[in-house]
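Chain letters run A, B, ... following the sequence lines, proteins first, then strands; residues in each count from 1.
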There are 2 protein chains.
Amino acid sequence: MTTNRRSGPHRPATIPDVAREAGVSRSTASRALADYGSVSPEARERVRAAAQKLGYRPNQLARSMITGRTHTLGAVVADIQNPFFAGVTRGITDAARAAGYQVLLANTDEDPAAERAAVKTLRDRHVDGLIVSPASTTDTAHLTAAHTGGCPVVLLDRRVPRLDLDSVTVDNHGAAQDAVRRLLAVGHRRIALVSLVGNDAADDPVDPGSTGLARMAGYRAALREAGIDDTGTYLRTGAFHGQDPALLARDLLDSPAPPTAVFATDSLVALGVLSAARELSLRVPEDLSVITFDDTDWARAVRPRISVVAQPVQELGAQAVRALIARVEGGTHPPEHTTLPTEFIERESVARARNRA
Amino acid sequence: MTTNRRSGPHRPATIPDVAREAGVSRSTASRALADYGSVSPEARERVRAAAQKLGYRPNQLARSMITGRTHTLGAVVADIQNPFFAGVTRGITDAARAAGYQVLLANTDEDPAAERAAVKTLRDRHVDGLIVSPASTTDTAHLTAAHTGGCPVVLLDRRVPRLDLDSVTVDNHGAAQDAVRRLLAVGHRRIALVSLVGNDAADDPVDPGSTGLARMAGYRAALREAGIDDTGTYLRTGAFHGQDPALLARDLLDSPAPPTAVFATDSLVALGVLSAARELSLRVPEDLSVITFDDTDWARAVRPRISVVAQPVQELGAQAVRALIARVEGGTHPPEHTTLPTEFIERESVARARNRA
């Protein structure tokens, strides 16, 4: 018996171990542990004592085979190192634990192939359901297949219009429009948007499903309201995965008629913008006003403190868990799209526009 | 059959479903799917086609019951929203996936009770092993119990001297000593350490097991080398969970003979120090030099850029996974303590000391 131990001094105790220790048959031990059938009170007590002595743990795998439920949720996020997703993941694990579920975590790096592989693996592990921040608004067949195959899916942070799945997002269009309106209100006209998602095809019809694209649409709507019809000149999006936001921003800020304000679509982009401004000796906010999506620890601590569009990150994760558990427990209601409010937090990174050559 | 569907339009296909679709008995379907016993080639093909049509997924739960392995690791981390643990978690999930394992994630908020609960839940889920950043160096009975009970445990980021468990850490003592020596070398004598872990009992013997305490010991060793015997005056540690680092730092920087340099034991503390310096109109590095543990995105982007002790965060997670899998696969070698190197990255937050009243 010592040869097939898994590791450490002991392998986990099994029902035969408990039976041997209690001096009863395996079937008696089994019945006593599962609390069914006929077992004498004395044998039941001996089995209970043996189970405690050996540290026997009731086999949740066996229970899962009977109920078809594992009380495990899969979370497939784009980038756990992005403070937004770190906060969302925190919200997911806390809310899941409170509801008696555990969370299997996978990171996709915004790669649709990694996402497909993660969904397959998590389904093979029989998760009860999946929370996914989809890497693509078009490559979604694996999500539909999971959902119709009995593994409900809730979309987090990103809505996909053609998918009949629950989603939990913020009002990205409205929040971006509001932020850009604030820049317009203090005289800015050359306002840039810097984002790592989407593509540079400024004239493409905008798909409002994706978070980045929704923010872009909100940006454009605000510019158009202000009579600025050319909404592509200061739009910078990263067509390539892993592009350095500082390079993207530097190229933009170093152009002949540079923007006087930048709206960054996430905090990592904002750091790139600040870094580029610094390299070019531009002062924030005197030479360049900056607003970013996502309130981070650093945005409150740096000088100047950065004005932000704050998202309720933990609540996004918690709401996604609640929506998913409602499906796991049999909910057959039509897909629900939950939109949580954002909050604009004014700090010191926006100033009145001045002319800059 | 429609009444007991879990959710969505279909529940997952079972062996009886496949048998019905293929027009064979359950036992034939079972044998064909598991590829054992006697099945005619024709029946095998019908079962294969039916399984594909219904999206039948071989039951990994059943396989796990036979092998006793779930290919699932538990990761119990202190705070996923701290960039250090976000990076470590990224390293854990990536390395686990590469080795064919999935990761169940739990967050403890540095609370030993939450850690005990997480370890219990993850063991009930039959994880093959656990990676834990222990919240306490004394409240560790649950870790010993898991390990000796057949669920191997690898300690991450924090070593516990009396525990015979593998550990993966950096050389916290040496890295802190090196950072403080650099401050001493440019003339600083009133050097503070600000940390949220540990306690204020400056004369207590230091337990080198905990990361925070090891950094404190390194700090003290550097001061003593320089002939500074009173190593408690500028030591600020947070005895209470959730204490605001900015308040701790403010109190320190606003004292009658304030420090001219601060060594922060993590990036969240450093943000608190910068915030407090800003409130008191102290310029970094002219009035206050700052070095922090952990290289974050913001440390490279803020002005001035912050000099840091960089830890190999993803590699810490990956090494812990490798150490754990070696145990899961039956390794019975003595406990291994892996120490990864840190790197001091010099930027612009340290200046030569000047007198400050």
Exercise. Distance from B:Thr89 atom OG1 to A:Gln81 atom CD, nearest 0.5 Å?
Worked result: 9.0 Å
For this session: Please report the shortest heavy-atom distance between B:Leu104 and A:Gln102, naming the atom on each side.
Result: CD2-CB, 3.8 Å
Problem set entry | Taking every non-hydrogen atom, the tightest pair across A:Arg90 and B:Ile80 | CB-CG2, 3.6 Å
Exercise. Any idea which of B:Leu122, B:Asp79, B:Leu105, B:Thr93 has the most non-hydrogen atom pairs under 4.5 angstrom with chain A?
Worked result: B:Leu105
Problem set entry | Contact origin within B:Leu268 toward chain A - heavy atom pairs under 4.5 Å | side chain
Seminar exercise, completed: Bottom line for B:Ser267: the part with an atom under 4.5 Å from chain A's heavy atoms is neither
For this session: For the pair B:Leu274 and A:Arg300, evaluate side chain to side chain contact (heavy atoms under 4.5 Å, CB included) and give the outcome as yes or no after the intermediate values.
Result: CA-CA 10 Å; B:Leu274 295 178; A:Arg300 290 185 287 270; over 6 Å; no
Exercise. Step by step, would you call B:Arg305 with A:Glu279 a salt bridge (Lys or Arg N to Asp or Glu O under 4.0 Å)?
Worked result: CA-CA 12 Å; B:Arg305 297 184 305 145; A:Glu279 264 187 73; over 6 Å; no
For this session: Take A:Leu271 and B:Trp298, measure what side chain to side chain contact (heavy atoms under 4.5 Å, CB included) needs, and give me the verdict at the end.
Result: CA-CA 6 Å; A:Leu271 284 171; B:Trp298 64 260; 3.9 Å; yes
Exercise. Quick one: does B:Arg125's side chain have a donor or acceptor within less than 3.5 Å of a partner on A:His71's backbone?
Worked result: yes
Exercise. Is the shortest heavy-atom distance from the side chain of A:Arg97 to the side chain of B:Asn107 under 4.5 Å?
Worked result: no
Seminar exercise, completed: If one checks every heavy atom of A:Thr72 against chain B at 4.5 Å, the contacting part turns out to be both
